[in-house]
Amino acid sequence: MPTNFSQNRGYPVTKQIHPDRLKRVETLKERGIAPFPARTPGEPTPIQEVLAGIEENEGKIYWVAGRLGQVRDFGKLRFSHLRDRSGAMQIGLQRDKLPDFWPNRKLLEVGDIVAIQGELGRTKKGEPTIWATEVVLLTKSLRLPPEKWHGLKDVEARYRMRYVDLFSNPEVRDSFILRSRVIREIRAYFDELGYIEVETPILHSIPGGALARPFITHHNTLDIDLYLRIAPELYLKRLIVGGMERVYEIGRVFRNEGISTRHNPEFTMLESYEAYADYNTVMNRVEGLFDRLCKNVLGTHEIHFREKTYNLKPPYPKKKYIDLFAEYNDGLSYFDEEGVRARAKELGVLKEGLSPEKIANDVFEATVEPHLDGPVFVIDYPKAICPLSKASDEDPKIAERFELFLGGMELGNAFSELNDPVDQEQRFEEQVRDKDPETPGEVDYDYVAALEYGMPPAGGLGIGIDRLLMVLSGNPSIRDVLLFPLLRPLPSGEEPTLETEESDKS
RNA sequence: GGGGGCGUAGCUCAGUCGGUAGAGCAACGGCCUUUUAAGCCGUGGGUCGAAGGUUCAAGUCCUUCCGCCCUCACCA
């Protein structure tokens with residue numbers, strides 16, 4: 001009962017070891033065939049390559065290696081498919097071509113990893129086939145694979161046993177190949193703009209750069225608590241102070257918060273900072289990046305996500321936060337404290353003890369965000385809710401900040417970076433006075449010191465890579481773009497030994 | 001944390017009004033040299049997520065618990 005993960009009786013899947021397969025391991029050994037040999041014979045050719053050259057290469061000899069599919073047995077002839085990382089193709093085993101192997105043919109079965117040497121040809125119906133002249137078992141599979149036609153559907157089993165999901169549902173692998181290509185293309189984009197890719201600490205002594213509860217850990221030798229980073233922001237801006245001028249980091253951040261279709265406690269963030277730029281520059285960068293991803297990776301600007309279609313051809317509309325606020329709240333002014341308060345109460349989002357700006361922002365999130373399918377830049381946020389953003393030269397109440405919405409989700413956050421050390425220090429100290437558990441408990445004075453040396457005007461960007469991939473790949477849940485999403489661990493228990501297994505069966 | 005849904009064979013799923021636990025694929029034993037969800041003959045396989053309760057009788061009804069999914073809340 002492998003997918004009855006919930007039953008409280010220890011390791012859940014050992015029962016899947018198939019007794020007949022264990023016996024076949026013994027038979028193999030008796031016949032002098034290693035079930036888990038160290039060496040792979042020949043040099044396997046990727047199946048995709050074999051198939052691509054079939055017209056000119058028919059009759060040539062190839063080694064291919066991969067996982068064996070279901071066997072179709074005709075007595076003196078057996079067909080199966082073989083799948084490797086690049087694709088799948090048919091192999092044909094004929095008694096007359098495999099006199100030595102033939103008595104052992106039934107020791108090889110679906111799920112085993114094998115290498116096959118043989119001549120590339122076709123069947124009577126034209127199916128490209130390698131007619132084996134050598135068959136070498138590389139790894140015996142002890143568990144029954146999921147059903148050939150439906151694959152593995154049970155979502156919990158798919159996430160917990162992604163290794164099975166990947167080989168039994170080939171389209172899953174495609175999502176992760178897409179992920180790899182998108183990230184490579186992001187790097188190429190920033191590299192070509194002269195950005196330097198950097199790696200900054202993940203263990204922080206003061207969590208900062210975002211508002212979120214951190215994970216706490218402990219360093220034994222120093223005997224101090226450390227925090228897994230909630231954002232790389234403050235370190236990256238130190239590099240701007242240091243004169244690196246254009247830097248980006250793609251890395252994991254950790255937030256000790258809820259899990260949902262849009263949230264995983266660890267996720268991948270892109271952050272970039274560019275000196276002598278402002279948030280307008282950054283909007284151009286985002287458009288350039290998305291345009292490039294569409295052209296070079298997807299081959300289209302039209303994407304489908306959660307039953308809706310989006311066009312990612314730039315430019316994207318820019319809408320002012322204040323205007324959107326009024327638009328979806330009957331013309332109510334963001335700055336009308338009493339009106340906003342009443343509206344929050346009416347919506348049921350009013351919480352006591354919050355600043356007027358935060359109340360207003362809750363109203364914004366309740367009334368405006370559901371309508372932001374995007375792509376759209378929401379620009380010019382009230383400065384009071386943007387502690388790391390620079391105020392507009394024209395209007396000191398407005399911060400030069402934008403958030404990017406796409407697919408109804410907040411995908412990115414960016415601003416003209418606040419580089420006034422006095423202003424920054426005051427804002428940090430206000431945060432510390434606030435007893436909100438998500439605000440830092442300590443001012444990062446070292447970061448303030450960095451600003452005191454002088455940080456050039458800069459535009460910074462943060463994009464949630466996983467959410468971006470959800471939209472680009474059309475997967476509605478963040479778990480489908482994470483190879484190993486966080487699930488509650490199974491109850492620990494004694495894993496039965498194989499001997500126990502056998503005696504259980506008898 | 002609230003609400004809703006789900007959990008039955010290795011996998012995918014049925015299971016009516018409470019009345020002996022089902023199918024397809026997979027597995028096991030055979031036959032077959034052109035199949036590709038191969039076909040044909042035969043066989044085995046279940047603590048129905050767990051515990052408790054109601055009942056003559058529970059996969060089915062009730063309670064509690066476990067896990068997963070969706071949703072709301074939360075979420076720079």
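It should be emphasised that the depicted structure is a prediction, and the values quoted were computed from it without experimental measurement. Within every chain, numbering begins at 1; the chains are lettered A, B, ... in the order of the sequence lines, protein sequences first and strands thereafter.
Using C1' as the reference atom, rU20(B) and rG30(B) are 31 Å apart when rounded to the nearest Å. The gap from the C1' atom of rG59(B) to that of rG15(B) amounts to 8 Å, rounded to the nearest Å. rG5(B) sits 12 Å from rU63(B) when the P atoms are compared, rounded to a whole Å. For the C1' atom pair drawn from rU54(B) and rG18(B), the interatomic distance equals 12 Å after rounding to whole Å.
Contacts of Arg479(A) with the nucleic acid, taken as non-hydrogen atoms under 4.0 Å apart, involve only primed sugar atoms and P, OP1 or OP2.
Judged by a 6.0 Å distance limit and a 45° cone about the ring axis, Lys390(A) is not positioned over the six-membered ring of Phe415(A).
Taking atom CZ of Arg78(A) as the reference point, atom C1' of rA38(B) lies 13 Å away to the nearest angstrom.
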Collect all protein-nucleotide pairs involving nucleotides 1-4 of chain B in which both atoms are nitrogen or oxygen and the distance is under 3.5 Å.
none

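OP1 or OP2 of rU35(B) lies within a sub-4.0 Å distance of a side-chain N or O belonging to Lys125(A). A close approach under 4.0 Å does occur between a side-chain nitrogen or oxygen of Arg24(A) and OP1 or OP2 of rC28(B). At least one side-chain nitrogen or oxygen of Thr261(A) sits closer than 4.0 Å to the OP1 or OP2 atom of rU71(B). For the pair Lys148(A) and rA26(B), the criterion of a side-chain N or O lying under 4.0 Å from OP1 or OP2 is met. Using a 4.0 Å cut-off, some side-chain N or O of Arg488(A) falls inside it from OP1 or OP2 of rG67(B). Contact annotation: Arg255(A) side-chain N/O to rC75(B) OP1/OP2 distance is not under 4.0 Å.
Between the base of rC11(B) and the side chain of His150(A) there is no donor-acceptor pair shorter than 3.5 Å. Interface remark: the Gln70(A) side chain does not form any donor-acceptor pair with the rU36(B) base, using a distance-only criterion of under 3.5 Å.
When distances run from any side-chain atom of Lys106(A) to the nucleotides rU35(B), rG30(B), rU33(B), the shortest one goes to rG30(B).
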